[in-house]
Each structure stands twice: as structure tokens, then as C-alpha cells.
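In what follows, a single structure is set out as C-alpha cells and then discussed.
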Amino acid sequence: MKRRPIIAANWKMHKVTAEAKSFMAELLPKISDLRNVDVLICPPFPLISTVDHAREGTNILLGAQNMHFEEKGAFTGEVAPAMLKDLNCEFVILGHSERRWVFGECDTFINKKVLSAFEHDLIPVLCVGERLEDREKNQTDQIILNQLENGLKGVSEQLLGNIVIAYEPVWAIGTGKNATAKDAKDAIALIREFIHSRFGTATAEKVRILYGGSVKPENIKTYMEQDGIDGALVGGASLEADSFAKLTIF
Ligand code: 13P
């Protein structure tokens, strides 16, 4: 089955309003002819509306970088799923390694967020990936499988087909040291096999699985040529309109 590729921008904690506006103004003409690729932009919370207005009349998809799983309440500094829906978000990145390793989010917490996102009609972009020490101890597969097993608990087969999963090895994020195409392909095959074993063939064929970690215009093609890799989740190279637009051509 041919899945529609996604090139996703994770701006992380970058840009202010004027920069988001000029990025969008520069990007739109560069990707106006794009037909067969989904483009997803995940700005920081304060810029979601700016990007939403700028994308009007285009097919650009909009996502947040995180959310809380509760509906509402005394959770200072947090953002609820309904707030993201209210801002027209369609996607939400969950379990990004920076959330796991910098902010201490565990699989149980991430699982609650995945379930809550589905309940609120938001599509999770669930990130999984091993640290360098895990890889050096040959624990890559086990780490990824644990993150999937725990992160996807309780998700129905029908909903799971819509999820996007990003394989992002922690050691490749923001380091310039991208994973080899073979390493990315192998990890993504492992993820698809896990989905196959738990959720069946049709779901495994439908789920889009991306690679993330130092993806740039110079290396996007090597990933997109691999069987099973359905796109990329991009940090640094998504911050300039020109390099981000180049990532959509592979
Ligand atoms: P870089 O593309 O900057 O390595 O970041 C990857 C990432 O974390 C995307 O979510």
C-alpha cells in the first residue's frame, strides 16, 4: 500500500510572530505546486494562530508540540487538548525525546496523552527512539518496543491506523549525526512489525512512520528512498523556509 508521505516541521522553542509570518510568506509560493506530500508545521503554542491564519487556503497541516491529557483544571503552564482543537490543530507531537529526557515524561504519562489526543480528534505524532548508551548496549530494539508497548496501551485498532509515529534516535537529534538510511529503515521496519503483531495487517499498512534526526535537504532523498519510511520530522532544517521547502522535493 502506498502511504502519503509527510514532511513535518518541529520548530521547537524557536521564532516570534514576525519570524513565523515571514517564514510562511516565503514558504507558500515555494510549495504551491506540491500535490503528493503532506506538509505539517508544529510551531510553539504562541505561534499556532499565526501559522493557522497564514496557511488559509492551502493544504498545510497544523500541529502542536505537546499537550496535557486532562480536559481542564489546575495545571499551571499546561495546555489542554480542547485548546489545541480551538486553534484548529489537527496533530500533536507526543513523547518527543526532549519531553522524555529533559522534562522527565514517562511512558505512562505519554500513553495518557495519546489516548486523550484520540478522544479529542487530534492525531498524535508519537516519537520513539533510543539514546546513544542504549544503542551501544545493543538495546535499541528493546527500548523502541517498550516505548511502543507502553505508549500505545488501550488504543483501538481502528484509531491506531491514523497515528503517525516518528523514529527519532536521541543521539541524532540536533547533532548533525544523522542515522544511516539502513539504521532508520531497520528501526522503522521493527515499528511496523510491532504494529502488525498487535493491531493487524491493515493497520500496519496504514500507519505512517517517519524518521527524525538531523534531516537536511542533502540527506532527505536517502531516507525517502527506503521502503517503509513515510517521511521526516525535522527540527533545525525546518526553521528556514528555503531548506524546509527543499525537504518536500525528494
Ligand atoms: P533536528 O532535525 O534538529 O535534528 O531535530 C529533530 C527533531 O527532534 C524533530 O522532532
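Computation of the quantities below employed the complete heavy-atom set of this structure, encompassing side-chain atoms and omitting hydrogens, waters and symmetry-equivalent molecules. Read the numbers this way: they start at 1 and go in the same order the structure lists the ligands and their atoms. Counting begins at 1 with the first residue of the sequence. Computed from a predicted structure; not experimentally measured.
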Report yes or no: does a heavy atom of G212 sit under 4.0 Å from some atom of ligand 1? no
Is the distance between the ring centroids of Y223 and F250 under 6.0 Å? no
Atom 2 (O) of ligand 1 sits nearest the protein heavy atom G235 N, 2.9 Å
Tell me whether the count of non-hydrogen atoms from other residues, nucleotides or ligands lying under 6.0 Å of CG in N59 goes above 12. no
In ligand 1, which numbered atoms sit nearer than 4.0 Å to a non-hydrogen atom of G174? 1 (P), 3 (O), 4 (O)
Which of the numbered atoms in ligand 1 are below 4.0 angstrom from a heavy atom of K12? 5 (O), 6 (C), 7 (C), 8 (O)
If Ile, Leu, Val, Met, Phe, Trp and Tyr residues are connected whenever their side-chain heavy atoms lie under 4.5 Å apart, and connections chain through other members, are V39 and I123 in the same group? no
Report yes if S214 has an N/O atom closer than 3.5 Å to an N/O atom of ligand 1; otherwise report no. yes
Inspect the contact between K85 and E71 and indicate whether a charged nitrogen and a carboxylate oxygen are less than 4.0 angstrom apart. no
What's the shortest distance from atom 3 (O) of ligand 1 to any protein heavy atom, and which residue and atom give it? G236 N, 2.8 Å
What protein heavy atom is closest to atom 9 (C) of ligand 1, reported as residue, atom name and distance in Å? E168 OE2, 2.9 Å
Check this for me, if you would: do R135 and D141 make a salt bridge, where the nitrogen-to-carboxylate-oxygen distance has to be below 4.0 angstrom? no
Is it true that a side-chain atom of K216 and a backbone atom of S214 form a donor plus acceptor pair closer than 3.5 Å? yes
Region of N10 that comes within reach of ligand 1 [heavy atoms, distance under 4.0 Å]: side chain
C127 backbone acceptor or donor facing R100 side chain under 3.5 Å: yes
Per-atom contacts of ligand 1 with A172, taking only distances under 4.0 Å to non-hydrogen atoms: 4 (O)
